[in-house]
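Data first, discussion second: the structure below is written as structure tokens.
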Amino acid sequence: MVDIARSPEVKRKKKIRRILYGGIGLIAILLVSYGVSRLKPAAPSVERSTIWIGTVKRGPMLRQVRGSGTLVPEEIRWIPATTQGRVESILLRPGAQVRPDTVILELSNPELQNGVKEAQLAYQSAQAAYVNRKQELESALLSQQADVAGIQASYNNAVMNRDAQEKLWDDKLVSEIQLKQSRSAADELENRLKIAKQRLNMQSEGIKSMLAPQEADVDQKRSAYELRVQQLGDLKVKAGMTGVLQEVPVERGAQVGAGANVARVADPTNLKAELRIAETQTKDIRIGQYAVVDTRNGEVKGKVSRIDPKSTGGTVGVDVILEGALPSGARPDLSVDGTIQLERLDNVIYVERPAFGQENSTVGLFKLTGDGEALRTNVKLGRTSVDKVEILEGLQPGDQVVLSDMSAQDSYDRIRIAG
């Protein structure tokens with residue numbers, strides 16, 4: 001075969017075509033790159049069954065706070081030992097039903113027993129001294145009464161003698177001297193009688209005051225004796241009220257001092273709920289607010305009766321007085337849940353409370369668009385309740401939003417709802 005040489009014109013046209021094709025290819029690559037750069041990043045897909053979707057509504061919203069706690073008796077009494085002693089026997093254990101005169105445990109105190117005997121002897125001695133002193137004063141009073149009686153008899157005789165002398169004087173049968181002597185004797189006895197009666201009255205009225213020291217001593221000794229007897233009786237520690245024995249914090253042989261708590265009794269028929277509420281949710285709680293306590297075997301209504309002035313571990317104690325009959329199975333120390341009604345809001349926009357978002361804050365929620373996607377929307381929250389939150393800005397009634405925890409999609413402004 002013989003090669004045919006190509007003309008320069010053919011070579012030039014071929015080179016032009018190559019340049020043209022290369023330029024078109026480069027332009028196509030640039031156009032494709034620009035188009036790709038303008039495309040939105042692919043939205044992550046989330047299964048509808050794995051998220052919680054809520055619908056925004058308008059209407060009344062009941063603001064509530066919730067907390068957990070226990071049922072406790074309203075009346076709890078610690079039983080103290082009134083005197084020092086050693087625990088000899090424990091007759092009852094926690095859980096036993098008791099009455100006011102039920103003996104829970106017995107103490108012993110030999111010194112107190114000796115003290116009772118000494119106080120008894122001192123009391124009897126004071127009584128004897130009082131009786132002796134009283135007899136002495138009554139004897140002296142009798143002697144004084146006898147003196148008065150004797151003077152009275154002498155005075156009566158002197159008066160009769162004087163009267164007789166007066167008649168004899170009228171008949172000129174006695175001398176003037178004899179008359180004067182009879183008159184003088186009568187006057188003297190009259191004065192002695194007056195003095196004796198005054199002395200008798202003073203002595204009679206003074207018996208009470210003269211016996212007062214002995215009476216005071218008797219009263220003092222009696223009080224001391226009765227106190228010792230009472231302390232001896234208190235060695236048998238009694239419940240003092242009707243209820244259930246909750247605790248006996250001592251054991252046999254233990255030495256307890258006066259005033260030490262040796263038992264605790266509670267009335268199980270009158271219970272209240274002690275709830276622990278998050279400190280951030282207690283600013284609107286007030287005494288008298290309506291509450292519902294769930295015993296897990298029924299609900300019972302109540303009212304807030306006390307709010308602890310201090311917080312512990314980020315929670316505040318709130319007491320709820322229960323009204324009405326308690327559900328069966330309600331007992332002290334039973335775990336319960338309580339819901340307190342704060343206020344009723346009328347005609348507000350609200351939605352179920354999202355996983356994140358505090359009262360009066362702004363959060364980003366994914367709002368469904370209707371085409372299978374959800375766009376992140378800034379939503380301003382208002383007042384909150386246990387399961388609802390007020391919407392101030394960002395949403396309208398009928399909007400649907402994702403309320404689940406979407407922190408894994410924080411870097412995306414839109415998601416695709418699959419399924």
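Count residues from 1 along the sequence. What you see below is based on every heavy atom in this structure, not just the backbone, and it leaves out hydrogens, waters and symmetry mates.
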Roughly how far, to the nearest 0.5 Å, is [atom2] of [Y] from [atom1] of [X]?
X      : Y      : atom1 : atom2 : answer
Ser45  : Gln409 : OG    : CD    : 10.0 Å
Tyr155 : Glu190 : OH    : CD    : 3.5 Å
Leu271 : Glu75  : CG    : CD    : 12.0 Å
Leu168 : Ser182 : CG    : OG    : 9.5 Å
Tyr225 : Leu121 : OH    : CG    : 9.5 Å
Met61  : Lys388 : CE    : NZ    : 8.0 Å

For a 4.5 angstrom cut-off between non-hydrogen side-chain atoms, does [X] reach [Y]?
X      : Y      : answer
Val218 : Tyr123 : yes
Val262 : Pro80  : no
Val320 : Lys303 : no
Tyr130 : Leu211 : yes
Pro249 : Arg264 : no
Leu345 : Arg383 : yes

Discussion item. Apply salt bridge (charged side-chain N to carboxylate O under 4.0 Å, His left out) to residues Lys221 and Asp217 and explain how you reach the verdict.
Written reply: CA-CA 6 Å; Lys221 296 297 192 302; Asp217 188 51; 2.6 Å; yes
I'd like to know if the side chain of [X] reaches the main chain of [Y], judged simply by a donor and an acceptor atom lying under 3.5 Å from each other, with no hydrogens or angles considered.
X      : Y      : result
Ser143 : Ser139 : yes
Arg296 : Ser335 : yes
Thr55  : Gly398 : no

Tell me, please, which residues at least two apart from [X] pass side chain to side chain donor-acceptor pair (under 3.5 Å).
X      : answer
Ser125 : none
Gln214 : none
Asn109 : none
Asp219 : Arg222

Worksheet entry | Sequence neighbours excluded, every pair satisfying side chain to side chain donor-acceptor pair (under 3.5 Å) that has a member inside residues 351-364 | Arg63-Glu359, Lys283-Glu359, Glu359-Thr384
Worksheet item: Should the heavy atoms of other residues, nucleotides or ligands under 6.0 Å from CZ of Arg99 be counted, would the total exceed 12?
Response: no
Worksheet item: Is the number of heavy atoms from other residues, nucleotides or ligands under 6.0 Å of Ile177 CD1 greater than 12?
Response: no
Worksheet item: Between the side chains of Thr295 and Asn297, does any donor sit under 3.5 Å from an acceptor?
Response: no
Worksheet item: Do the side-chain N and O atoms of Thr315 and Arg276 include a donor-acceptor pair separated by under 3.5 angstrom?
Response: yes
Partner residues of [X] under the side chain to side chain contact (heavy atoms under 4.5 Å, CB included) criterion, sequence neighbours left out:
X      : value
Lys367 : Thr377, Leu395, Asp399, Val401
Asp308 : Arg306, Lys310, Val316
Ser68  : Asp337
Asn347 : Arg58

Worksheet item: Do the charged groups of Lys238 and Asp101 touch, with an N to O distance under 4.0 Å?
Response: no
Worksheet entry | Test: Lys301 and Glu323 ion pair at under 4.0 Å | no
Item to complete: List the atom of Ala355, the atom of Asp405, and the distance in Å for their closest heavy-atom pair.
Response: CB-N, 3.7 Å
Anything under 3.5 Å between a donor and an acceptor, one on a side chain of residues 82-98, the other on a protein residue two or more places apart or in another chain? List them.
| from | atom 1 | to | atom 2 | distance (Å) |
| --- | --- | --- | --- | --- |
| Thr82 | OG1 | Asp234 | OD2 | 3.3 |
| Arg86 | NH2 | Glu88 | OE2 | 2.6 |
| Glu88 | OE2 | Ser108 | OG | 2.7 |

Item to complete: Give every residue pair that meets the salt bridge (charged side-chain N to carboxylate O under 4.0 Å, His left out) criterion with at least one member in residues 135-158, sequence neighbours excluded.
Response: Arg133-Glu136
Response to the item:
Glu274 meets the salt bridge (charged side-chain N to carboxylate O under 4.0 Å, His left out) criterion, sequence neighbours left out, with none
Discussion item. Test salt bridge (charged side-chain N to carboxylate O under 4.0 Å, His left out) on Lys272 and Glu74; report intermediate values, then the result.
Written reply: CA-CA 6 Å; Lys272 66 179 179 180; Glu74 287 190 50; over 6 Å; no
